[in-house]
Amino acid sequence: MKNIMIAQSGGPTAAINATVAGAISVALSSSEVGKIYGAQNGIQGVLNETFIDLKEKIRSSQELELLSHTPAAALGSCRLKLKDLKKDETQFEKIIDIFKKYGINCFIYIGGNDSMDTVDKLSQYCAAKNISDIIVVGAPKTVDNDLVGTDHCPGFGSAAKYIGVTFSELERDCHVYKTKAVTIVEVMGRNAGWLTAASSLARINGAKGPDLIYLCEPVFSTEQFIADVKAKLERQDAVLVAVSEGIMDENGKYISEQVQSGMLDAFGHAYTSGSAKVLEELVREKVGCKVRSIELNLMQRCAGHIASATDITESKMLGMKACQCALEGQNGVMAAIVRKSDSPYVVEYTAVPVNQVSNKEKKVPDEFINEHKNDVTPEMVAYLLPLIQGEVNQEYVNGIPKQIELY
């Protein structure tokens, strides 16, 4: 019999628990599987031996379905980066000892770039030490959609749907007055502008949507930004702008650094929120009209009430694929999506070597950004549109979505 450990890491999403549910469903249906553990708070929970018996927590197909529709990270998360394997093996030795103590044969880690780094290091360690009875597999997750090796990431479709809907509603709000006004909305995305590009989805039913869209891939010019805004205001009363939190100037400096402390997170990443606030002050100074900034912040990550059914289904399928890979002994791989066509939308599920994924970023390609660098192209919309299709069958109690807690 094989015992399985599942853990989550990085930022929560509306779909990451569906991946857990997918992995559990395969494990439950397999005659090879004994215990199914969940580690609280990712790899930190493994090191601390804070485990959940998932067979005890999930007792029915109804609870498994409820888990799929519960947003955030039901197992908890962490942002612990394992040490350089070449310099210090202590953490890896401890993790393997713990796995052996609990008879863990398969470890499934669900997360983004830094989580896949953990999968890569752990699988490398097992290979180097000839540990063949412990298999380490990754399952993708990130609203940023910046993992290479997969067409798109679980969580992104639901976040994109939230952003598209939010901009469609904001656009309605902005145009009720005749007063000249600019509204600047900051969307998540440190180094990849996929989520900001999703604001373009506000236009798909014929509405105007955002007037200007600035991703973090092109160099951002404050002078050109002001010129763009002024040109729009000459023709209309209200201007709605979507901007990535990670926009940078020609020197590679985040625009938001004007209001940030320069501190770094646990992985050495700069805190980048605040770009909209900087641009708000710039418009106030250079244009002189009414202006406000909005930071979507955490709301865009875990909006389970408006999740994409496609996203939830695919997230579950990737959890199933990851568990299948683990049971088949495919060490050091990540479950992934291959898109076969946009219309009709067809995908297949595969696995890619995680060393081709970790510590890399998939940015928005040039052909998805317009020549003026202030909007996206029809190719981007064609890429995005299938990912937001369908609504989930959310169960409500007392007017609020019902959710499940695992600890």
Side-chain angles (χ1 to χ4, degrees), residues 1-10 12-46 48-78 98-99 101-111 115 135-141 154-155 158 302 304-305 307-309 311-328 335 349 392-397 400-407:
M1 299 292 284
K2 296 179 179 179
N3 293 338
I4 291 179
M5 174 79 71
I6 305 170
Q8 302 167 310
S9 181
T13 79
I16 188 172
N17 292 328
T19 306
V20 176
I24 291 173
S25 66
V26 169
L28 288 173
S29 65
S30 173
S31 58
E32 299 179 65
V33 175
K35 290 185 175 295
I36 308 172
Y37 292 103
Q40 294 181 26
N41 304 109
I43 201 69
Q44 185 71 65
V46 174
N48 293 338
E49 299 183 51
T50 49
F51 302 147
I52 302 164
D53 185 336
L54 290 174
K55 281 187 174 180
E56 288 295 317
K57 289 291 182 177
I58 306 294
R59 293 178 171 271
S60 67
S61 59
Q62 290 80 12
E63 288 183 335
L64 199 61
E65 186 69 9
L66 183 58
L67 177 61
S68 295
H69 295 154
T70 295
L75 292 172
S77 186
C78 72
I98 291 169
F99 284 168
K101 176 181 176 181
Y102 289 87
I104 305 299
N105 306 105
C106 303
F107 178 53
I108 301 169
Y109 207 30
I110 308 166
S115 305
I135 303 300
V136 185
V137 171
K141 173 278 328 170
S158 293
C302 295
H305 65 287
S308 156
D311 187 29
I312 299 300
T313 298
E314 291 182 341
S315 299
K316 189 182 298 184
M317 292 294 291
L318 283 165
M320 296 173 72
K321 181 65 178 180
C323 191
Q324 179 186 17
C325 289
L327 293 175
E328 290 174 353
Y349 301 93
V392 298
N393 185 23
Q394 184 80 58
E395 181 181 355
Y396 282 75
V397 176
I400 299 296
K402 185 178 180 181
Q403 298 163 356
I404 194 170
E405 291 187 5
L406 297 183
Y407 71 96

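Being a predicted model, the structure only gives us computed values, none of them experimental.
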Can you name the nearest heavy-atom pair linking [X] to [Y], along with the distance?
{"X": "Gly34", "Y": "Lys55", "result": "O-NZ, 2.5 Å"}
{"X": "Ser158", "Y": "Ala14", "result": "CB-CB, 3.9 Å"}
{"X": "Gly155", "Y": "Ser315", "result": "N-OG, 4.2 Å"}
{"X": "Gln394", "Y": "Pro401", "result": "NE2-CB, 3.5 Å"}
{"X": "Ala7", "Y": "Ala39", "result": "CB-CB, 3.9 Å"}
{"X": "Met1", "Y": "Val33", "result": "CE-O, 3.0 Å"}

Side-chain contact, heavy-atom cut-off 4.5 Å: [X] with [Y]?
{"X": "Glu314", "Y": "Pro154", "answer": "no"}
{"X": "Val46", "Y": "Tyr37", "answer": "no"}
{"X": "Phe99", "Y": "Asn3", "answer": "no"}
{"X": "Tyr109", "Y": "Val136", "answer": "no"}
{"X": "Ile16", "Y": "Leu75", "answer": "no"}
{"X": "Asn17", "Y": "Gln8", "answer": "yes"}
{"X": "Leu54", "Y": "Leu406", "answer": "yes"}

Rounded to the nearest 0.5 Å, how far does [atom2] of [Y] lie from [atom1] of [X]?
{"X": "Ser115", "Y": "Ile110", "atom1": "OG", "atom2": "CD1", "result": "9.5 Å"}
{"X": "Leu327", "Y": "Glu32", "atom1": "CG", "atom2": "CD", "result": "5.5 Å"}
{"X": "Leu67", "Y": "Lys57", "atom1": "CG", "atom2": "NZ", "result": "12.0 Å"}
{"X": "Cys106", "Y": "Ile36", "atom1": "SG", "atom2": "CD1", "result": "11.0 Å"}
{"X": "Glu63", "Y": "Ile404", "atom1": "CD", "atom2": "CD1", "result": "5.0 Å"}
{"X": "Lys321", "Y": "Ile108", "atom1": "NZ", "atom2": "CD1", "result": "12.5 Å"}

- [ ] Could you walk me through whether Phe51 and Ile98 pass the side-chain contact (heavy atoms from CB on, under 4.5 Å) test, one step at a time?
- [x] CA-CA 11 Å; Phe51 302 147; Ile98 291 169; 3.8 Å; yes
TODO: Evaluate whether atom NZ of Lys35 has more than 12 neighbouring non-hydrogen atoms of other residues, nucleotides or ligands under 6.0 angstrom away.
DONE: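 Not buried by this count: 12 neighbours or fewer within 6.0 Å.
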- [ ] Mark yes or no for whether Ser25, through its side chain, and Gly22, through its backbone, hold a donor-acceptor pair below 3.5 Å.
- [x]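 Looks like yes, one N/O pair under 3.5 Å.
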Task: For Cys323, the option from Leu28, Val26, Thr19, Ile6 that meets side-chain contact (heavy atoms from CB on, under 4.5 Å) - done: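 Testing Cys323 for a side-chain contact (heavy atoms from CB on, under 4.5 Å) against Leu28, Val26, Thr19, Ile6 leaves exactly one candidate, Val26.
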